[in-house]
Number of protein chains: 2
Amino acid sequence: MAALTEGLQDYLEAILLCSAEHKFVRTKHLAEKLGVKSPSVNAAVKELARLGFVEHESYGYIELTAEGRRQAESVYSKHRILYRFFAKTLSLPNDLAEDTACGIEHHLDELTLKKITRLLDFLERKMKQSEEFTSELRKALDND
Amino acid sequence: MAALTEGLQDYLEAILLCSAEHKFVRTKHLAEKLGVKSPSVNAAVKELARLGFVEHESYGYIELTAEGRRQAESVYSKHRILYRFFAKTLSLPNDLAEDTACGIEHHLDELTLKKITRLLDFLERKMKQSEEFTSELRKALDND
DNA sequence: TAATAAAGTTAGTCTAGGCTAATTATAGTC
DNA sequence: GACTATAATTAGCCTAGACTAACTTTATTA
């Protein structure tokens, strides 16, 4: 499949999230979500259309193609796992967890993601099973 | 302190590593280590010198300033922790662990790094204490 | 229905960070 | 001491991805 830069992956992810919120995705929504100006969105969407990840007719709505959705969901699933790790397991502040997840989500391959998921599942299972384990872990993490 | 892009952080880290290997760091070494051509190194080093992170006289050696070393070590310490996490804790292949660590090291702040370190310390302590814990964790991670 | 507001697009600029080709400096060898 | 190989630098180009300013399209509303 075609090459997707980090930046374009961010756009795909934002389109996925916006389409959950608004049903129709517009340039304006993406600009707001990503904190960029509309010409930047326009250029990115044009490139994504050229690569076959979105459909977009001029002055109209923006929609993911099947492949675009697949890619967007891949990125977003990484984001969610990482957020879980940072916010829940490590108890970092939500906005920091969010920012960190966002920064590194592009750099994890499927195998790494799978391993992290299993580690989180394991830790959560242990914590559910054992109060002692939970307090040990919390104490280890909060050792300020 | 002045702004350092991800790319410039990579150069600082490479200078730190090269200075451990070669004693005198040269453009050529950095180009090899980073997989770029020498004009790219030259431009980056020039910028780092302008920002006060390295000293470099034309056609001579490249040296970190105190601040440059501090920055480089900050990045490298993140790298090492992440490598430990990916290679040791998650048992990922060394080169994948290396690449992943390299990709995300720029995106972790000190607090996040501290929490990850504590989690790793905790897990390693538990594994040292308990064979059962170790095999449970290994089994959870290798659940193919 | 004409006027205006809002949204989208286009054109042109900038920065970071690569590259190649050509030049200049240094070092090693006859 | 001159010649050559290696290294470093400069000049100039390219791409991604941001921006502003100007323009066009669409939608709203008097």
Side-chain angles (χ1 to χ4, degrees), chain A residues 1-15 18-19 21-63 68 71-72 75 99 102-103 105-107, chain B residues 1-15 18-19 21-63 68 71-72 75 99 102-103 105-107:
Chain A
M1 202 58 209
L4 263 180
T5 62
E6 273 188 46
L8 292 182
Q9 287 177 42
D10 285 332
Y11 278 96
L12 284 181
E13 190 182 21
I15 294 167
C18 275
S19 69
E21 289 166 22
H22 292 103
K23 196 60 194 168
F24 293 115
V25 179
R26 311 228 56 149
T27 298
K28 184 180 57 149
H29 303 139
L30 298 178
E32 280 161 12
K33 187 170 288 282
L34 292 167
V36 298
K37 302 292 182 180
S38 54
S40 306
V41 175
N42 195 260
V45 168
K46 194 173 283 187
E47 177 65 6
L48 286 170
R50 194 184 69 77
L51 294 170
F53 295 105
V54 304
E55 295 190 358
H56 179 222
E57 54 183 277
S58 214
Y59 295 95
Y61 304 128
I62 298 158
E63 282 177 298
Q71 289 281 340
V75 176
D99 289 350
C102 206
E105 64 193 6
H106 309 289
H107 299 281
Chain B
M1 201 57 206
L4 263 180
T5 62
E6 273 188 45
L8 292 182
Q9 287 178 43
D10 285 332
Y11 278 97
L12 284 182
E13 190 182 21
I15 294 167
C18 275
S19 69
E21 289 167 21
H22 293 103
K23 195 61 194 169
F24 293 115
V25 179
R26 311 229 55 149
T27 298
K28 185 180 58 148
H29 303 140
L30 298 178
E32 280 161 12
K33 187 170 287 285
L34 292 167
V36 298
K37 302 292 181 179
S38 54
S40 305
V41 175
N42 195 261
V45 168
K46 195 174 282 187
E47 178 65 5
L48 286 170
R50 195 184 68 79
L51 295 170
F53 295 106
V54 305
E55 295 189 0
H56 179 221
E57 54 184 275
S58 213
Y59 294 95
Y61 304 127
I62 297 158
E63 281 177 299
Q71 290 282 339
V75 175
D99 289 351
C102 207
E105 63 194 8
H106 309 289
H107 299 281

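No experiment lies behind these values; they were computed from the predicted model shown. Each chain gets a letter, A, B and so on, in the order the sequences are listed, and its residues count up from 1. In what follows, every heavy atom counts, from backbone to side chain, and hydrogens, waters and symmetry copies are set aside.
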*Asks:* Can you find a side chain N or O atom of A:Lys37 that sits less than 4.0 Å from OP1 or OP2 on C:dG8?
*Replies:*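 A:Lys37 to C:dG8 OP1/OP2: no side-chain N or O under 4.0 Å.
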
*Asks:* State whether the number of non-hydrogen atoms from other residues, nucleotides or ligands found under 6.0 Å of B:Glu47 atom CD is greater than 12.
*Replies:*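 Enclosed: over 12 neighbouring heavy atoms sit under 6.0 Å from CD of B:Glu47.
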
*Asks:* In whole angstrom, what separates B:Asn42's CG from C:dA16's P?
*Replies:*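 Computing the B:Asn42:CG to C:dA16:P distance gives 16 Å.
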
*Asks:* To the nearest angstrom, how far is A:Lys28 atom NZ from D:dT26 atom P?
*Replies:*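 So the two atoms are 17 Å apart, to the nearest Å.
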
*Asks:* Once you round it to whole Å, what is the distance between P of D:dA16 and CG of A:Leu48?
*Replies:*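 After rounding, the reported distance stands at 12 Å.
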
*Asks:* If I take atom CZ in residue B:Phe24 and atom P in nucleotide C:dT26, what distance separates them, rounded to the nearest angstrom?
*Replies:*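 From B:Phe24 CZ to C:dT26 P: 16 Å.
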
*Asks:* Is it true that, when you exclude A:Glu21 itself, more than 12 heavy atoms of the residues, nucleotides or ligands shown sit nearer than 6.0 Å to its CD?
*Replies:*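 Yes, enclosed.
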
*Asks:* Could you state the atom-to-atom distance from OH of B:Tyr59 to P of C:dA27 in whole Å?
*Replies:*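 Answer to the nearest Å: 12 Å.
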
*Asks:* Any side-chain N or O of B:Arg26 below 4.0 angstrom from OP1/OP2 of D:dA8?
*Replies:*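 Indeed, a polar side-chain atom of B:Arg26 lies that close.
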
*Asks:* If I compare all heavy atoms of B:Phe24 with all of B:His29, which pair ends up nearest, and what's the gap?
*Replies:*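 Shortest heavy-atom contact: O-CE1, 3.4 Å.
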
*Asks:* Between B:Ser38 and B:Glu47, just flag the one whose closest nucleotide in DNA chain C comes earlier from the 5' side.
*Replies:*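 So the residue in question is B:Glu47.
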
*Asks:* Counting heavy atoms from C-beta on, name the nucleotide in C:dT10, D:dT10, D:dG17 closest to the side chain of A:Pro39.
*Replies:*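 When the side chain of A:Pro39 is considered, C:dT10 is the closest of C:dT10, D:dT10, D:dG17.
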
*Asks:* Starting at the 5' end of DNA chain C, which residue's closest nucleotide do you reach first, A:Ser58 or B:Val41?
*Replies:*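 Its nucleotide being nearer the 5' end, the pick is A:Ser58.
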
*Asks:* Can you check whether A:Tyr61 has a side-chain N or O nearer than 4.0 Å to OP1 or OP2 of C:dA7?
*Replies:*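 A:Tyr61 to C:dA7 OP1/OP2: no side-chain N or O under 4.0 Å.
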
*Asks:* Can you tell me how far P of D:dA16 sits from CG of A:Leu4, to the nearest Å?
*Replies:*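 Roughly 12 Å, once rounded to whole Å.
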
*Asks:* What closest approach, in Å, do A:Val54 and A:Val45 show between heavy atoms, and which atom pair accounts for it?
*Replies:*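 Scanning both residues, the minimum pair turns out to be CG2-O, 3.7 Å.
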
*Asks:* Expressed in angstrom and rounded to an integer, what is the separation of A:Glu6 atom CD from C:dA16 atom C1'?
*Replies:*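 To the nearest whole Å, that distance equals 14 Å.
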
*Asks:* With respect to the phosphate group of C:dG8, does any side-chain polar atom (N or O) of A:His29 fall under 4.0 Å of OP1 or OP2?
*Replies:*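 Answer is no, no contact under 4.0 Å.
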
*Asks:* Is there a side-chain contact between A:Thr27 and the phosphate of C:dT9, meaning an N or O under 4.0 Å from OP1 or OP2?
*Replies:*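 For A:Thr27, the contact criterion (side-chain N or O under 4.0 Å from OP1 or OP2 of C:dT9) is met.
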
*Asks:* Check B:Gln9 against B:Leu4 and note the closest heavy-atom contact, atom names and distance.
*Replies:*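 The answer is NE2-O, 3.4 Å.
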
*Asks:* Rounded to whole Å, how long is the line connecting atom NZ of A:Lys46 with atom P of C:dG8?
*Replies:*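 Taking NZ of A:Lys46 and P of C:dG8, I get 14 Å after rounding.
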
*Asks:* Give a yes/no on whether any side-chain N or O of B:Ser40 is located under 4.0 angstrom from OP1 or OP2 of C:dC19.
*Replies:*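 Affirmative; the distance criterion is met.
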
